[in-house]
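Letters A, B, ... are given to chains in the order of the sequence lines, protein chains preceding strands, and every chain is numbered from 1.
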There are 2 protein chains.
Amino acid sequence: MTVQATRTARRRDQSTSAAAGREAVLKAALEAFFAHGFHDTSMRKIADGAGTAISHAYYYFPSKLEILRTLMIGVTTDLIHILEAARDAAGPDPVQRLAALVRNHVRLHTERQAESFVANTELRSLSATERQEVVDLRDHIATLFKDVVDDGLRQGCFTTTHRDEAVLAIVTMCTAVAGWYRSGGAKAPEAIADAYVTLALGMLGYHGPSPVTDQATPQAR
Amino acid sequence: MTVQATRTARRRDQSTSAAAGREAVLKAALEAFFAHGFHDTSMRKIADGAGTAISHAYYYFPSKLEILRTLMIGVTTDLIHILEAARDAAGPDPVQRLAALVRNHVRLHTERQAESFVANTELRSLSATERQEVVDLRDHIATLFKDVVDDGLRQGCFTTTHRDEAVLAIVTMCTAVAGWYRSGGAKAPEAIADAYVTLALGMLGYHGPSPVTDQATPQAR
DNA sequence: ATCTGATTTGAACGAATGTTCAATCAAGTT
DNA sequence: AACTTGATTGAACATTCGTTCAAATCAGAT
(Lines give C-alpha, C1' and ligand atoms only; values in the text may rest on other atoms or scores of the structure.)
Protein backbone atom coordinates (compact mmCIF):
# COMPACT_ATOMS: atom_id res chain seq x y z
CA MET A 1 0.00 0.00 0.00
CA THR A 2 2.52 2.54 1.18
CA VAL A 3 4.90 1.22 -1.41
CA GLN A 4 2.34 1.47 -4.13
CA ALA A 5 1.23 4.87 -2.88
CA THR A 6 4.69 6.38 -2.99
CA ARG A 7 5.32 4.68 -6.27
CA THR A 8 2.29 6.16 -7.92
CA ALA A 9 3.04 9.47 -6.22
CA ARG A 10 6.47 9.46 -7.72
CA ARG A 11 5.15 8.47 -11.05
CA ARG A 12 2.60 11.25 -10.90
CA ASP A 13 5.23 13.80 -9.90
CA GLN A 14 7.53 12.68 -12.64
CA SER A 15 4.84 12.59 -15.23
CA THR A 16 3.51 16.01 -14.26
CA SER A 17 6.95 17.60 -14.19
CA ALA A 18 7.86 15.82 -17.38
CA ALA A 19 4.56 16.92 -18.86
CA ALA A 20 5.33 20.45 -17.70
CA GLY A 21 8.62 20.42 -19.54
CA ARG A 22 6.95 18.97 -22.57
CA GLU A 23 4.25 21.60 -22.43
CA ALA A 24 6.84 24.34 -22.10
CA VAL A 25 8.53 23.15 -25.28
CA LEU A 26 5.21 22.88 -27.08
CA LYS A 27 4.17 26.35 -25.95
CA ALA A 28 7.45 27.96 -26.96
CA ALA A 29 7.36 26.20 -30.32
CA LEU A 30 3.78 27.29 -30.90
CA GLU A 31 4.57 30.93 -30.17
CA ALA A 32 7.56 30.89 -32.49
CA PHE A 33 5.76 29.01 -35.27
CA PHE A 34 2.87 31.47 -34.98
CA ALA A 35 5.10 34.51 -35.07
CA HIS A 36 7.72 33.53 -37.61
CA GLY A 37 6.65 30.26 -39.22
CA PHE A 38 8.04 26.76 -38.96
CA HIS A 39 11.02 27.03 -41.28
CA ASP A 40 12.10 30.33 -39.76
CA THR A 41 12.05 28.90 -36.25
CA SER A 42 15.14 27.09 -35.02
CA MET A 43 15.31 24.50 -32.30
CA ARG A 44 17.56 26.93 -30.46
CA LYS A 45 14.81 29.54 -30.37
CA ILE A 46 12.32 26.95 -29.19
CA ALA A 47 14.63 25.77 -26.43
CA ASP A 48 15.36 29.34 -25.39
CA GLY A 49 11.65 30.12 -25.27
CA ALA A 50 11.06 27.04 -23.13
CA GLY A 51 13.97 27.90 -20.86
CA THR A 52 15.82 24.65 -21.43
CA ALA A 53 18.77 23.30 -23.35
CA ILE A 54 18.43 22.47 -26.99
CA SER A 55 19.21 18.83 -26.35
CA HIS A 56 16.47 18.69 -23.73
CA ALA A 57 13.81 19.48 -26.28
CA TYR A 58 14.93 16.31 -28.04
CA TYR A 59 14.21 14.43 -24.83
CA TYR A 60 10.52 15.06 -25.42
CA PHE A 61 10.33 15.15 -29.21
CA PRO A 62 12.40 13.20 -31.69
CA SER A 63 12.45 16.04 -34.20
CA LYS A 64 11.27 19.57 -34.91
CA LEU A 65 8.75 18.17 -37.33
CA GLU A 66 7.22 16.00 -34.64
CA ILE A 67 6.58 19.11 -32.55
CA LEU A 68 4.72 20.67 -35.43
CA ARG A 69 2.79 17.47 -36.03
CA THR A 70 1.77 17.28 -32.39
CA LEU A 71 0.43 20.82 -32.44
CA MET A 72 -1.43 20.45 -35.71
CA ILE A 73 -3.03 17.10 -34.97
CA GLY A 74 -3.92 18.19 -31.46
CA VAL A 75 -5.92 21.27 -32.34
CA THR A 76 -7.51 19.66 -35.37
CA THR A 77 -8.82 16.60 -33.53
CA ASP A 78 -10.04 18.85 -30.74
CA LEU A 79 -11.90 20.92 -33.29
CA ILE A 80 -13.56 17.84 -34.71
CA HIS A 81 -14.78 16.70 -31.31
CA ILE A 82 -16.04 20.17 -30.40
CA LEU A 83 -17.89 20.53 -33.70
CA GLU A 84 -19.53 17.11 -33.46
CA ALA A 85 -20.63 17.73 -29.88
CA ALA A 86 -22.01 21.17 -30.73
CA ARG A 87 -23.85 19.85 -33.76
CA ASP A 88 -25.44 17.05 -31.77
CA ALA A 89 -26.41 19.42 -28.98
CA ALA A 90 -28.11 21.75 -31.45
CA GLY A 91 -30.98 19.40 -32.12
CA PRO A 92 -32.30 18.22 -35.47
CA ASP A 93 -32.87 21.56 -37.26
CA PRO A 94 -30.26 22.02 -40.04
CA VAL A 95 -30.24 25.79 -39.50
CA GLN A 96 -29.49 25.39 -35.82
CA ARG A 97 -26.94 22.68 -36.56
CA LEU A 98 -25.13 24.78 -39.13
CA ALA A 99 -25.20 27.77 -36.79
CA ALA A 100 -23.63 25.61 -34.09
CA LEU A 101 -20.90 24.43 -36.44
CA VAL A 102 -20.06 27.94 -37.62
CA ARG A 103 -20.21 29.42 -34.15
CA ASN A 104 -17.92 26.83 -32.59
CA HIS A 105 -15.56 26.84 -35.53
CA VAL A 106 -15.11 30.58 -35.19
CA ARG A 107 -14.89 30.35 -31.42
CA LEU A 108 -12.03 27.86 -31.47
CA HIS A 109 -10.18 29.85 -34.09
CA THR A 110 -10.23 32.85 -31.78
CA GLU A 111 -9.69 31.05 -28.47
CA ARG A 112 -6.87 28.89 -29.78
CA GLN A 113 -5.78 31.25 -32.49
CA ALA A 114 -2.10 30.39 -32.62
CA GLU A 115 -2.64 26.64 -32.89
CA SER A 116 -5.35 27.11 -35.47
CA PHE A 117 -3.28 29.48 -37.51
CA VAL A 118 -0.26 27.19 -37.51
CA ALA A 119 -2.42 24.20 -38.38
CA ASN A 120 -3.80 26.10 -41.37
CA THR A 121 -0.54 27.61 -42.49
CA GLU A 122 2.15 24.99 -42.11
CA LEU A 123 0.59 22.08 -43.96
CA ARG A 124 3.36 22.21 -46.55
CA SER A 125 6.02 21.97 -43.86
CA LEU A 126 4.93 18.42 -43.07
CA SER A 127 6.21 15.43 -44.99
CA ALA A 128 3.85 13.47 -47.17
CA THR A 129 2.53 10.93 -44.68
CA GLU A 130 2.03 13.40 -41.88
CA ARG A 131 0.45 15.91 -44.21
CA GLN A 132 -2.07 13.34 -45.36
CA GLU A 133 -2.94 12.66 -41.75
CA VAL A 134 -3.92 16.30 -41.23
CA VAL A 135 -5.59 16.60 -44.61
CA ASP A 136 -7.82 13.68 -43.73
CA LEU A 137 -8.86 15.39 -40.51
CA ARG A 138 -9.63 18.59 -42.38
CA ASP A 139 -11.63 16.68 -44.95
CA HIS A 140 -13.63 15.23 -42.10
CA ILE A 141 -14.40 18.72 -40.84
CA ALA A 142 -15.59 19.77 -44.29
CA THR A 143 -17.79 16.69 -44.36
CA LEU A 144 -19.43 17.76 -41.11
CA PHE A 145 -20.51 20.97 -42.80
CA LYS A 146 -21.43 19.27 -46.03
CA ASP A 147 -23.73 16.76 -44.35
CA VAL A 148 -25.61 19.46 -42.49
CA VAL A 149 -25.95 21.52 -45.66
CA ASP A 150 -27.25 18.50 -47.56
CA ASP A 151 -29.76 17.95 -44.80
CA GLY A 152 -30.94 21.53 -45.11
CA LEU A 153 -31.14 21.29 -48.89
CA ARG A 154 -33.23 18.12 -48.60
CA GLN A 155 -35.56 19.80 -46.14
CA GLY A 156 -35.78 22.88 -48.31
CA CYS A 157 -34.52 25.45 -45.82
CA PHE A 158 -31.34 25.98 -47.86
CA THR A 159 -31.73 26.84 -51.53
CA THR A 160 -28.22 27.31 -52.92
CA THR A 161 -27.32 25.65 -56.21
CA HIS A 162 -23.61 25.79 -55.32
CA ARG A 163 -23.29 23.40 -52.42
CA ASP A 164 -19.62 22.53 -52.84
CA GLU A 165 -18.47 26.09 -53.27
CA ALA A 166 -20.64 27.29 -50.41
CA VAL A 167 -19.29 24.68 -48.00
CA LEU A 168 -15.74 25.43 -49.05
CA ALA A 169 -16.29 29.15 -48.68
CA ILE A 170 -17.89 28.78 -45.24
CA VAL A 171 -15.11 26.63 -43.87
CA THR A 172 -12.53 28.90 -45.45
CA MET A 173 -13.90 32.11 -44.03
CA CYS A 174 -14.29 30.59 -40.56
CA THR A 175 -10.74 29.27 -40.70
CA ALA A 176 -9.35 32.58 -41.87
CA VAL A 177 -10.51 34.20 -38.65
CA ALA A 178 -7.36 32.82 -37.03
CA GLY A 179 -5.39 34.96 -39.44
CA TRP A 180 -6.78 38.36 -38.54
CA TYR A 181 -8.48 38.12 -35.16
CA ARG A 182 -6.93 40.23 -32.42
CA SER A 183 -8.18 39.81 -28.88
CA GLY A 184 -9.43 43.16 -27.64
CA GLY A 185 -10.22 44.19 -31.20
CA ALA A 186 -13.35 45.90 -32.44
CA LYS A 187 -15.50 42.77 -32.29
CA ALA A 188 -15.77 40.18 -29.55
CA PRO A 189 -15.51 36.54 -30.64
CA GLU A 190 -19.21 36.00 -30.02
CA ALA A 191 -20.13 38.94 -32.21
CA ILE A 192 -17.88 37.65 -34.96
CA ALA A 193 -19.44 34.22 -34.63
CA ASP A 194 -22.94 35.68 -34.89
CA ALA A 195 -22.02 37.65 -37.99
CA TYR A 196 -20.48 34.59 -39.61
CA VAL A 197 -23.59 32.52 -38.93
CA THR A 198 -25.62 35.12 -40.80
CA LEU A 199 -23.12 35.27 -43.65
CA ALA A 200 -23.04 31.48 -43.96
CA LEU A 201 -26.83 31.26 -44.06
CA GLY A 202 -26.85 33.98 -46.70
CA MET A 203 -24.51 31.95 -48.87
CA LEU A 204 -26.75 28.91 -48.46
CA GLY A 205 -29.81 30.83 -49.59
CA TYR A 206 -31.59 30.59 -46.26
CA HIS A 207 -34.42 33.09 -45.99
CA GLY A 208 -36.17 32.07 -42.76
CA PRO A 209 -35.97 33.72 -39.35
CA SER A 210 -32.48 34.44 -38.03
CA PRO A 211 -31.17 31.91 -35.53
CA VAL A 212 -28.91 34.61 -34.10
CA THR A 213 -29.84 36.26 -30.80
CA ASP A 214 -28.80 39.63 -32.22
CA GLN A 215 -29.49 41.75 -29.15
CA ALA A 216 -27.29 44.71 -30.04
CA THR A 217 -24.21 42.85 -28.61
CA PRO A 218 -22.27 46.01 -27.78
CA GLN A 219 -19.54 44.08 -25.92
CA ALA A 220 -15.83 44.90 -26.44
CA ARG A 221 -14.98 48.16 -24.73
CA MET B 1 21.83 56.70 -87.61
CA THR B 2 23.45 53.36 -88.24
CA VAL B 3 25.39 53.82 -85.08
CA GLN B 4 22.31 54.61 -83.12
CA ALA B 5 20.40 51.81 -84.81
CA THR B 6 22.94 49.17 -84.02
CA ARG B 7 23.34 50.60 -80.58
CA THR B 8 19.68 50.37 -79.79
CA ALA B 9 19.60 46.96 -81.45
CA ARG B 10 22.36 45.77 -79.22
CA ARG B 11 20.71 47.28 -76.24
CA ARG B 12 17.45 45.62 -77.15
CA ASP B 13 19.15 42.25 -77.65
CA GLN B 14 20.93 42.58 -74.37
CA SER B 15 17.88 43.71 -72.51
CA THR B 16 15.74 40.93 -73.95
CA SER B 17 18.30 38.25 -73.25
CA ALA B 18 18.93 39.75 -69.86
CA ALA B 19 15.20 39.90 -69.34
CA ALA B 20 14.97 36.27 -70.43
CA GLY B 21 17.52 35.25 -67.84
CA ARG B 22 15.77 37.34 -65.26
CA GLU B 23 12.44 35.80 -66.16
CA ALA B 24 13.91 32.31 -65.95
CA VAL B 25 15.09 33.00 -62.43
CA LEU B 26 11.73 34.48 -61.48
CA LYS B 27 9.88 31.55 -62.96
CA ALA B 28 12.04 28.95 -61.25
CA ALA B 29 11.75 30.80 -57.97
CA LEU B 30 7.98 31.03 -58.31
CA GLU B 31 7.60 27.32 -58.97
CA ALA B 32 9.76 26.44 -56.00
CA PHE B 33 8.09 28.95 -53.67
CA PHE B 34 4.71 27.65 -54.76
CA ALA B 35 5.65 24.00 -54.25
CA HIS B 36 7.76 24.16 -51.11
CA GLY B 37 7.52 27.65 -49.67
CA PHE B 38 10.05 30.46 -49.43
CA HIS B 39 12.08 29.28 -46.48
CA ASP B 40 12.28 25.74 -47.82
CA THR B 41 13.58 26.93 -51.18
CA SER B 42 17.32 27.50 -51.52
CA MET B 43 19.04 29.72 -54.00
CA ARG B 44 20.67 26.58 -55.31
CA LYS B 45 17.29 25.08 -56.19
CA ILE B 46 16.25 28.33 -57.84
CA ALA B 47 19.44 28.48 -59.89
CA ASP B 48 19.10 24.83 -60.86
CA GLY B 49 15.51 25.39 -61.94
CA ALA B 50 16.57 28.37 -64.02
CA GLY B 51 19.49 26.44 -65.53
CA THR B 52 22.14 28.87 -64.36
CA ALA B 53 24.75 29.21 -61.64
CA ILE B 54 23.86 30.44 -58.21
CA SER B 55 26.03 33.48 -58.57
CA HIS B 56 24.23 34.36 -61.78
CA ALA B 57 20.92 34.66 -59.99
CA TYR B 58 22.59 37.33 -57.89
CA TYR B 59 23.38 39.15 -61.10
CA TYR B 60 19.67 39.87 -61.47
CA PHE B 61 18.53 40.06 -57.85
CA PRO B 62 20.48 41.31 -54.87
CA SER B 63 18.91 38.74 -52.54
CA LYS B 64 16.45 35.89 -52.29
CA LEU B 65 14.06 38.18 -50.50
CA GLU B 66 14.08 40.61 -53.40
CA ILE B 67 12.95 37.82 -55.70
CA LEU B 68 10.01 37.14 -53.44
CA ARG B 69 9.21 40.83 -53.19
CA THR B 70 9.25 41.19 -56.96
CA LEU B 71 6.80 38.33 -57.37
CA MET B 72 4.44 39.48 -54.64
CA ILE B 73 4.33 43.13 -55.62
CA GLY B 74 3.98 42.28 -59.28
CA VAL B 75 0.90 40.11 -59.05
CA THR B 76 -0.72 42.31 -56.45
CA THR B 77 -0.41 45.54 -58.40
CA ASP B 78 -1.61 43.74 -61.51
CA LEU B 79 -4.63 42.54 -59.57
CA ILE B 80 -5.43 46.08 -58.48
CA HIS B 81 -5.32 47.40 -62.03
CA ILE B 82 -7.43 44.54 -63.34
CA LEU B 83 -10.04 44.99 -60.62
CA GLU B 84 -10.28 48.74 -61.11
CA ALA B 85 -10.64 48.38 -64.85
CA ALA B 86 -13.29 45.66 -64.52
CA ARG B 87 -15.23 47.68 -61.97
CA ASP B 88 -15.23 50.77 -64.17
CA ALA B 89 -16.24 48.76 -67.23
CA ALA B 90 -19.17 47.25 -65.35
CA GLY B 91 -21.16 50.47 -65.30
CA PRO B 92 -22.76 52.19 -62.32
CA ASP B 93 -24.86 49.35 -60.87
CA PRO B 94 -23.32 48.12 -57.56
CA VAL B 95 -24.47 44.57 -58.23
CA GLN B 96 -22.74 44.52 -61.61
CA ARG B 97 -19.69 46.21 -60.15
CA LEU B 98 -19.40 43.75 -57.31
CA ALA B 99 -19.92 40.87 -59.73
CA ALA B 100 -17.10 42.23 -61.87
CA LEU B 101 -14.79 42.49 -58.87
CA VAL B 102 -15.51 38.97 -57.68
CA ARG B 103 -15.31 37.49 -61.14
CA ASN B 104 -11.95 39.05 -61.96
CA HIS B 105 -10.53 38.36 -58.55
CA VAL B 106 -11.33 34.68 -58.94
CA ARG B 107 -10.12 34.64 -62.51
CA LEU B 108 -6.69 36.02 -61.67
CA HIS B 109 -6.34 33.62 -58.76
CA THR B 110 -6.85 30.73 -61.14
CA GLU B 111 -4.93 32.07 -64.13
CA ARG B 112 -1.96 33.18 -62.08
CA GLN B 113 -2.44 30.72 -59.28
CA ALA B 114 1.16 30.26 -58.22
CA GLU B 115 1.90 33.97 -57.94
CA SER B 116 -1.35 34.59 -56.12
CA PHE B 117 -0.78 31.74 -53.72
CA VAL B 118 2.73 32.84 -52.91
CA ALA B 119 1.59 36.43 -52.46
CA ASN B 120 -1.04 35.29 -50.00
CA THR B 121 1.12 32.78 -48.17
CA GLU B 122 4.54 34.30 -47.76
CA LEU B 123 3.70 37.66 -46.23
CA ARG B 124 5.53 36.69 -43.05
CA SER B 125 8.68 35.89 -44.99
CA LEU B 126 9.10 39.55 -45.89
CA SER B 127 10.83 42.01 -43.60
CA ALA B 128 8.83 44.76 -41.98
CA THR B 129 9.12 47.47 -44.60
CA GLU B 130 8.50 45.19 -47.54
CA ARG B 131 5.63 43.50 -45.77
CA GLN B 132 3.95 46.83 -45.17
CA GLU B 133 4.27 47.59 -48.86
CA VAL B 134 2.26 44.50 -49.75
CA VAL B 135 -0.18 44.96 -46.88
CA ASP B 136 -1.00 48.42 -48.17
CA LEU B 137 -1.74 47.01 -51.61
CA ARG B 138 -4.00 44.37 -50.12
CA ASP B 139 -5.77 46.97 -48.04
CA HIS B 140 -6.40 48.88 -51.22
CA ILE B 141 -7.99 45.81 -52.77
CA ALA B 142 -10.26 45.39 -49.77
CA THR B 143 -11.21 49.04 -50.11
CA LEU B 144 -12.29 48.46 -53.71
CA PHE B 145 -14.78 45.88 -52.47
CA LYS B 146 -15.82 47.95 -49.48
CA ASP B 147 -16.63 51.02 -51.56
CA VAL B 148 -18.83 49.05 -53.94
CA VAL B 149 -20.60 47.37 -51.05
CA ASP B 150 -21.21 50.73 -49.39
CA ASP B 151 -22.63 51.97 -52.65
CA GLY B 152 -25.00 49.04 -52.79
CA LEU B 153 -26.03 49.50 -49.17
CA ARG B 154 -26.78 53.17 -49.82
CA GLN B 155 -28.87 52.31 -52.85
CA GLY B 156 -30.64 49.57 -50.92
CA CYS B 157 -29.77 46.62 -53.14
CA PHE B 158 -27.56 45.14 -50.41
CA THR B 159 -29.08 44.63 -46.98
CA THR B 160 -26.43 43.05 -44.78
CA THR B 161 -25.85 44.44 -41.32
CA HIS B 162 -22.32 42.99 -41.28
CA ARG B 163 -20.51 45.00 -43.91
CA ASP B 164 -16.97 44.58 -42.58
CA GLU B 165 -17.26 40.86 -42.04
CA ALA B 166 -18.94 40.35 -45.41
CA VAL B 167 -16.22 42.22 -47.29
CA LEU B 168 -13.52 40.35 -45.44
CA ALA B 169 -15.21 37.03 -46.11
CA ILE B 170 -15.70 37.77 -49.79
CA VAL B 171 -12.08 38.77 -50.35
CA THR B 172 -10.92 35.83 -48.29
CA MET B 173 -12.92 33.21 -50.15
CA CYS B 174 -11.89 34.64 -53.53
CA THR B 175 -8.27 34.66 -52.47
CA ALA B 176 -8.43 31.12 -51.13
CA VAL B 177 -9.24 29.86 -54.61
CA ALA B 178 -5.51 30.00 -55.36
CA GLY B 179 -5.05 27.41 -52.61
CA TRP B 180 -7.26 24.67 -53.99
CA TYR B 181 -7.89 25.33 -57.68
CA ARG B 182 -6.54 22.68 -60.04
CA SER B 183 -6.67 23.34 -63.74
CA GLY B 184 -8.64 20.59 -65.39
CA GLY B 185 -10.58 20.07 -62.16
CA ALA B 186 -14.31 19.59 -61.80
CA LYS B 187 -15.15 23.27 -62.37
CA ALA B 188 -13.84 25.65 -64.97
CA PRO B 189 -12.62 29.02 -63.70
CA GLU B 190 -15.65 30.78 -65.17
CA ALA B 191 -18.03 28.41 -63.41
CA ILE B 192 -16.20 29.00 -60.14
CA ALA B 193 -16.37 32.72 -60.69
CA ASP B 194 -20.11 32.57 -61.35
CA ALA B 195 -20.71 30.54 -58.21
CA TYR B 196 -18.65 32.96 -56.14
CA VAL B 197 -20.59 35.94 -57.45
CA THR B 198 -23.78 34.30 -56.26
CA LEU B 199 -22.26 33.42 -52.89
CA ALA B 200 -20.98 36.95 -52.40
CA LEU B 201 -24.35 38.46 -53.23
CA GLY B 202 -25.96 36.04 -50.78
CA MET B 203 -23.66 37.24 -48.02
CA LEU B 204 -24.55 40.83 -48.83
CA GLY B 205 -28.26 40.14 -48.57
CA TYR B 206 -28.99 40.84 -52.23
CA HIS B 207 -32.35 39.44 -53.30
CA GLY B 208 -32.80 40.83 -56.79
CA PRO B 209 -32.34 39.08 -60.13
CA SER B 210 -29.11 37.16 -60.60
CA PRO B 211 -26.43 38.98 -62.58
CA VAL B 212 -24.97 35.60 -63.54
CA THR B 213 -25.55 34.22 -67.02
CA ASP B 214 -26.06 30.75 -65.56
CA GLN B 215 -26.65 28.88 -68.80
CA ALA B 216 -25.85 25.39 -67.54
CA THR B 217 -22.11 26.10 -68.08
CA PRO B 218 -21.11 22.48 -68.72
CA GLN B 219 -17.54 23.40 -69.65
CA ALA B 220 -14.59 21.41 -68.16
CA ARG B 221 -13.48 18.54 -70.34
C1' DA C 1 43.33 41.95 -83.50
C1' DT C 2 42.10 44.61 -79.67
C1' DC C 3 39.12 46.57 -76.62
C1' DT C 4 34.95 47.06 -73.88
C1' DG C 5 31.36 46.03 -71.22
C1' DA C 6 27.74 43.00 -70.16
C1' DT C 7 27.13 38.16 -68.87
C1' DT C 8 28.32 33.85 -66.58
C1' DT C 9 30.89 30.88 -63.68
C1' DG C 10 33.47 27.95 -59.81
C1' DA C 11 35.02 28.15 -55.54
C1' DA C 12 34.85 29.70 -51.33
C1' DC C 13 33.12 32.31 -46.92
C1' DG C 14 31.12 32.46 -42.31
C1' DA C 15 26.97 31.61 -40.08
C1' DA C 16 23.17 28.88 -38.84
C1' DT C 17 20.77 24.61 -39.12
C1' DG C 18 18.81 19.90 -37.10
C1' DT C 19 20.50 16.38 -34.59
C1' DT C 20 23.48 13.32 -31.57
C1' DC C 21 25.83 11.75 -27.48
C1' DA C 22 28.47 11.02 -23.57
C1' DA C 23 28.33 12.95 -19.23
C1' DT C 24 26.16 15.09 -15.16
C1' DC C 25 22.43 15.98 -11.95
C1' DA C 26 18.66 14.94 -8.67
C1' DA C 27 15.88 12.07 -6.16
C1' DG C 28 14.01 7.91 -4.63
C1' DT C 29 14.98 2.74 -3.59
C1' DT C 30 17.46 -0.85 -1.51
C1' DA D 1 26.23 4.22 1.05
C1' DA D 2 25.72 2.21 -3.25
C1' DC D 3 22.45 1.94 -6.97
C1' DT D 4 18.92 2.90 -10.28
C1' DT D 5 16.45 5.83 -13.23
C1' DG D 6 14.50 9.80 -15.27
C1' DA D 7 15.83 14.66 -16.20
C1' DT D 8 19.14 17.86 -18.01
C1' DT D 9 23.19 19.64 -20.03
C1' DG D 10 27.44 21.36 -23.02
C1' DA D 11 29.92 20.43 -26.76
C1' DA D 12 30.27 18.78 -30.97
C1' DC D 13 28.78 16.70 -35.66
C1' DA D 14 28.02 17.16 -40.63
C1' DT D 15 25.23 19.72 -43.68
C1' DT D 16 23.09 23.44 -45.72
C1' DC D 17 22.24 28.11 -46.08
C1' DG D 18 22.60 33.05 -48.38
C1' DT D 19 26.02 35.61 -50.17
C1' DT D 20 30.51 37.26 -52.22
C1' DC D 21 34.17 37.77 -55.57
C1' DA D 22 37.78 37.38 -58.65
C1' DA D 23 38.21 35.33 -62.86
C1' DA D 24 36.56 33.58 -67.28
C1' DT D 25 33.50 33.99 -71.34
C1' DC D 26 31.15 36.16 -74.97
C1' DA D 27 29.48 39.50 -78.43
C1' DG D 28 29.77 43.67 -80.61
C1' DA D 29 32.61 48.13 -81.61
C1' DT D 30 36.87 50.15 -83.02
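Atom P of nucleotide D:dG18 and atom CG of A:Asp40 are separated by 11 Å, given to the nearest angstrom. Between the CZ atom of A:Arg22 and the C1' atom of D:dG6 there is a distance of 16 Å, rounded to whole Å. Rounding to whole angstrom units, OH of residue B:Tyr60 and C1' of D:dT19 are separated by 18 Å.
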Go through A:Phe33 and A:Thr121 one step at a time and tell me if the side chain to side chain contact (heavy atoms under 4.5 Å, CB included) criterion holds.
CA-CA 10 Å; A:Phe33 292 166; A:Thr121 301; over 6 Å; no

Kindly indicate, with the supporting measurements, whether the criterion side chain to side chain donor-acceptor pair (under 3.5 Å) is fulfilled by A:His109 and A:Glu115.
CA-CA 8 Å; A:His109 280 70; A:Glu115 287 166 276; over 6 Å; no

With side chain to side chain donor-acceptor pair (under 3.5 Å) as the criterion, how do B:Glu130 and B:Ser127 come out once you've worked through the C-alpha distance, each side chain's angles and the decisive distance to 0.1 Å?
CA-CA 6 Å; B:Glu130 295 148 354; B:Ser127 60; 2.9 Å; yes

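Note: A:Phe145 and A:His105 meet the aromatic proximity criterion, with ring centroids under 6.0 Å apart.
Between B:Asp40 and A:Arg124 there is no salt bridge, since none of the side-chain N atoms of the basic residue sits less than 4.0 Å from a carboxylate O of the acidic one.
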Identify all pairs in which a protein N or O lies below 3.5 Å from an N or O of nucleotides 18-21 of chain C, and state each distance.
unit_1: C:dG18; atom_1: OP1; unit_2: A:Thr41; atom_2: O; d: 3.2
unit_1: C:dG18; atom_1: OP1; unit_2: A:Lys64; atom_2: NZ; d: 2.6
unit_1: C:dG18; atom_1: OP2; unit_2: A:Met43; atom_2: N; d: 2.9
unit_1: C:dG18; atom_1: N7; unit_2: A:Arg44; atom_2: NH1; d: 2.8
unit_1: C:dG18; atom_1: O6; unit_2: A:Arg44; atom_2: NH2; d: 3.0
unit_1: C:dT19; atom_1: OP2; unit_2: A:Tyr58; atom_2: OH; d: 2.8
unit_1: C:dT19; atom_1: OP2; unit_2: A:Lys64; atom_2: N; d: 2.9
unit_1: C:dT19; atom_1: O5'; unit_2: A:Tyr58; atom_2: OH; d: 3.4

Table please: side-chain donor-acceptor pairs of residues 168-182 of chain A below 3.5 Å, with sequence neighbours left out.
unit_1: A:Thr172; atom_1: OG1; unit_2: A:Leu168; atom_2: O; d: 2.6
unit_1: A:Thr175; atom_1: OG1; unit_2: A:Val171; atom_2: O; d: 2.7

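Of the side-chain N and O atoms in B:Tyr59, none sit less than 4.0 angstrom from OP1 or OP2 of C:dT8.
In terms of heavy-atom proximity, B:Pro211 sits nearest to B:Ala99 at CG-CB, 4.4 Å.
Residues from residues 121-132 of chain B with heavy atoms under 4.0 angstrom of DNA chain C: there are none.
Separating the CD1 atom in B:Ile192 from the CZ atom in B:Arg103 is a distance of 13.0 Å, to the nearest 0.5 Å.
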